[in-house]
Amino acid sequence: MHQSAMQRMWSSSHLSGGNAAYVEELYELYLHDPNSVPEQWRSFFQQLPIDGSVAPDISHSTVRDQFRLLAKNQRRAQPLATGSVSTEHEKKQVEVLRMIQAFRMRGHQQAKLDPLGLWQRNKPADLEVNYYNLTNADLDSTFHAGALYIGKEEASLREIRDALKATYCGSIGAEYMHIVDSEQRQWFQQRMESVRGRPAFSKEVKAHLLERLSAAEGLEKYLGSKYPGVKRFGLEGGESLIPMLDEIIQRGGAGGIREMVIGMAHRGRLNVLVNTLGKNPRELFDEFEGKHLSSTLGSGDVKYHQGFSSNVMTAGGEVHLALAFNPSHLEIVAPVVEGSVRARQDRREDVDGSLVMPIICHGDAAFAGQGVVMETFQMSQTRGFKTGGTIHIVINNQVGFTISKQEDARSTEYCTDIAKMVQAPILHVNADDPEAVLFATQIAVDYRQQFKRDVVIDLVCYRRRGHNEADEPSGTQPLMYQQISKQRTSRELYAEALIAEGSLSAEDAQAKVDEYRNALDNGLHVVKSLVKEPNSEMFVDWRPYLGHAWTAYHDTRFDLKTLQELSQRLLKTPEGFVIQRQVGKIYEDRQKMTAGALPINWGFAETMAYATLLHEKHSIRLIGQDIGRGTFSHRHAVLHNQKDASVYVPLQHLADDQPEFDIYDSFLSEEAVLAFEYGYATTTPNALVIWEAQFGDFANGAQVVIDQFITSGEHKWGRLCGLTMLLPHGYEGQGPEHSSARLERYLQLCAEHNVQVCVPTTPAQVYHMLRRQVIRPLRKPLIALTPKSLLRHKLAISTLEELAEGGFQTVIPEIDTLDAKKVTRVVMCSGKVYYDLLEKRRAEERDDIAIVRIEQLYPFPEEDLAAVIAPYKNLKHAVWCQEEPMNQGAWYCSQHHMRRVLSAHNSKLFLEYAGREASAAPACGYSQMHTEQQEKLLQDAFTV
Ligand code: AMP
């Protein structure tokens, strides 16, 4: 039953106040064992809709009304509560059950979570016995323990209270009562209560824990003494992360996980690289010494941003680990990891995420502060983005650079409260209690595997040094650092505890420290489970995609007859499927286009690019806010049955053995979604992966992804990416928003052939551009500015033959037949303005002007442009014409390429500009002004 519905019932009936907790507890008991509650309650509960049976589309008000009705009927038929709580003891029993619920809800507020012991927290009144009208005299009275997993039905109040304190107020603060699904809540209760929050671990397990802590501490100490003052963003204070990751990998592997992708910020990364992924310490030392490793491509990145891959052995077999590269922009790596995981799951046909699991480490301040965290949670259960649950680890060192005051850092009690938006359970755990860390980790892994939902571990630790090793923290956090200077390390504390309880000798504890140090001295691998010769079938071979120039030969032609057959298949819909009228018209037109009876338009050509690629065994993934239909209704790749709202995707029904064609409308995010698709594309070379912006300028919400991954990932980290971004762009008088895709931003980021920027102007061009993106082995991001009104422009048409033959033209020469000798002016342009120029020239019957389209602005096709203008020997004017203001568009970033070509053609030629004047906004808001500006820039193109 929905918790909230339950609560509403209490507030709408006589079952309010203290009795509510009693009934709630009875209900938990009933779910556990229906026969354990009195008959009258059993029949009452039986009438309530249970979780699994509540149809998702039953409105809340319906559920509430049902509760009201039930409560009313019950009231009439029988005075429900009174009989059960009539005697003094029974009244107390009600109170005891309320207390049990209170500990489950709020026990974490009293848990001992802060290793520094500095937290000042108000004790919740309802965690005290006397809050419940119970006194010390009742401590030895016996009560029913309800559904409390205490090993017996009845226990003394003292036993119940002590069990609750041990379970919920120890080193783990468990928050799970916000979960609506009672099966999950009970699962947590069982896990926590059956061992009173602290299972007994064997000596071997304890020794292993200490070994991992010794490794974590040992590496930092070693680096600290060998490279004093060098930035490494050490893990000191949060060493428990290493045993935690170890347990996730080992337990996950034993449970069937075959791949894990880990995302994290820079703190602790070197430690994870060496102690978890098994990077050779010697390589790390080389990086500390500033050596440029021959294996790294491009310009490289600092060592604490580096990723790594390895295979480790677990009880369930070999597990492939990939630590994602990341920039300094905290948290943005989270959706990238999710995308990479989803790609691996798709590759393995792992539909529920049983085989591939994401692990994401966060910092406390960033987790609370960065919006992309919310976006990543929001995607966690959606069709297009879910990955079967993520294990989130917050490395909560209680300070974000220099901010530690809670009232400055956030408005929520915990930094993890954001996770409650998806009802993720949260396990806060004191990092100085390694066994509690281990237990919390086991619960998290098991929960993820069982329920396939996100779970959060809040590893409450501290940061022994400043933000980095060159930073002095006591200037801003004086009291905290006074305490930290006295604080023994997690390893020291745990070693002492083990020695004291007799699990380990002092010599054994010291031996772990010495062994580790010796291994580092000798530059040996320190991960014992590392597989030295990894099974290479566990990951993709990227070698075929390495080392190609953008000019590499490719052939995007496609047999005409097969193309027509594919189109025919796309136009067939299932029996009885009723297509909406306008969509039907589009499909009728496509029928004519297939037969050659109508020139082909954008929607047809684009669809055929997908169909032909699928036919050639390339899978396709299309994501965007309106990708199914297309913002401007040109695509209609997803058909909606007007009778019953069922959907049919023709591109998924081309052939039985075709590759995947995935198409999902995304939720309304750009940042996380684009990052996800980047992660997907960098993991899947043999696929066309497209993200489409609703309008081109929507991509500005994802600028961090563009700057820090898409345009620079290959050069920083050697990670290739064939992602395509479709950005609707065009000046059509719609005002400052949604006119410009901000072409200038992409062009400004272009260097070293890092990306491709294309502005196709014909259906055949978009067809060949998309096919080229996959058929050519080069994997470079493609930023394509796509049209809006041009989707239906009478001149923006192509023929079937142009799809079957030809290829993508980086420069399109003049299409009208002009006498080259008479041409004295060449106007170069990109995009929609071409058609305005063409119409004007035709209307004015000018035969002295050639109009040349530059369809690929980067890498700039200088040779192709030179070849196109070569016949014009009598040129006196060369103009670049654009719709965008002068400070925007291609003018500033691309003119040097054009100048170079022009001066080689005729050293007297000077490149002139025809376009809007520089402007703060991308476009004006008044349509009359827009028209005047447009007419002027066209006129300028012919006269300047
Ligand atoms: P992963 O499965 O991400 O650990 O990748 C395994 C190996 O494949 C890496 O060590 C790289 O050598 C290679 N690799 C993975 N992704 C890419 C990429 N996007 N570009 C180039 N090589 C890659």
Side-chain angles (χ1 to χ4, degrees), residues 245 249 252-253 257-264 269 272-273 276-280 283 293-301 305-312 318-327 333-348 350 355-360 387 527 530-548 621 674-689 705 708-724 752-755 773-774 776-782:
L245 286 175
I249 294 163
I257 300 275
R258 299 275 59 91
E259 272 186 89
M260 299 186 202
V261 186
I262 307 171
M264 68 183 301
R269 174 174 283 260
V272 170
L273 280 170
T276 304
L277 283 107
K279 177 169 175 156
N280 190 331
E283 267 179 42
L293 301 181
S294 54
S295 58
T296 51
L297 300 164
S299 47
D301 199 350
H305 290 168
Q306 299 290 358
F308 196 74
S309 308
S310 64
N311 285 15
V312 294
E318 209 167 320
V319 171
H320 179 64
L321 302 177
L323 175 68
F325 294 81
N326 82 293
V333 80
V336 175
V337 165
E338 300 291 348
S340 177
V341 167
R342 176 67 180 245
R344 290 163 208 260
Q345 290 173 342
D346 287 353
R347 191 194 304 147
R348 290 174 177 270
D350 174 21
L355 302 175
V356 191
M357 182 169 82
I359 305 166
I360 301 178
T387 52
V527 173
L530 185 72
V531 178
K532 301 278 161 41
E533 280 173 29
N535 174 1
S536 59
E537 278 167 24
M538 298 188 80
F539 43 84
V540 172
D541 184 2
W542 280 79
R543 281 173 301 180
Y545 305 96
L546 297 174
H548 299 285
R621 177 177 163 92
L674 185 59
F676 189 101
E677 298 313 311
Y678 172 81
Y680 196 101
T682 47
T683 312
T684 312
N686 185 25
L688 180 66
V689 183
V705 186
Q708 279 153 310
F709 290 98
I710 293 175
T711 58
S712 58
E714 182 183 342
H715 287 73
K716 293 191 291 189
W717 313 312
R719 281 296 191 261
L720 304 176
C721 176
L723 179 66
T724 297
E752 303 181 81
H753 292 179
N754 55 343
V755 296
Q773 183 67 355
V774 190
R776 196 172 49 174
L778 179 82
R779 289 293 169 265
K780 293 272 179 195
L782 166 63

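Indexing begins at 1, ligand by ligand and atom by atom, following the structure's order. Heavy-atom basis, side chains included; hydrogens, waters and symmetry copies ignored. Just so we're clear, the structure is a prediction, and the values are computed from it rather than from any experiment.
Protein heavy atom in closest approach to atom 21 (C) of ligand 1: G718 O, 3.6 Å. At the shortest separation from atom 3 (O) of ligand 1 among protein heavy atoms lies R344 NH2, 2.8 Å. The nearest protein atom to atom 4 (O) of ligand 1, hydrogens excluded, is given as S309 OG, 2.4 Å; this is a heavy-atom distance. The single protein non-hydrogen atom nearest to atom 12 (O) of ligand 1 is R719 NH1, 4.7 Å, given as residue, atom name and distance. Of the protein's heavy atoms, L720 N, 2.8 Å lies nearest to atom 20 (N) of ligand 1.
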Q: List the steps and the verdict of side chain to side chain contact (heavy atoms under 4.5 Å, CB included) for M264 and V333.
A: CA-CA 7 Å; M264 68 183 301; V333 80; over 6 Å; no

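T682 places a side-chain N or O within 3.5 Å of a backbone atom of Y678 that can act as its donor or acceptor partner. Judged by distance alone, with hydrogens and angles left aside, the side-chain atoms of R258 form a donor-acceptor pair with the main-chain N or O of E318 at under 3.5 Å. Not a single donor-acceptor pair under 3.5 Å links the side chain of E714 to the backbone N or O of N754.
When only interatomic distances are considered, the shortest N/O to N/O separation between F539 and ligand 1 does not fall below 3.5 Å.
For H320 and N311, the side-chain atoms include at least one donor-acceptor pair closer than 3.5 Å.
Counting heavy atoms from C-beta outward, V705 and I710 have side chains that approach closer than 4.5 Å.
Interface of A322 with ligand 1, defined as ligand atoms under 4.0 Å from a residue heavy atom, comprises 3 (O), 4 (O). Counting atoms of ligand 1 from 1 in the listed order, those under 4.0 Å from a heavy atom of T682 are 16 (N), 17 (C), 18 (C), 19 (N).
Judged by the 6.0 Å distance and 45° axis criteria, R621 is positioned over the aromatic ring of Y680.
The closest non-hydrogen atom to atom 13 (C) of ligand 1, taken over W717, Y678, W542, comes from W542.
The shell of residues lying under 4.0 angstrom from ligand 1, judged by heavy atoms, excludes G307.
Only the side chain of H320 comes within contact range of ligand 1, with a heavy atom under 4.0 Å; no backbone atom does. Proximity of E259 to ligand 1, defined as any heavy-atom pair under 4.0 Å, is not found for any part of the residue.
Partner of S310 under the side chain to side chain contact (heavy atoms under 4.5 Å, CB included) criterion, chosen from V319, V527, L530: L530.
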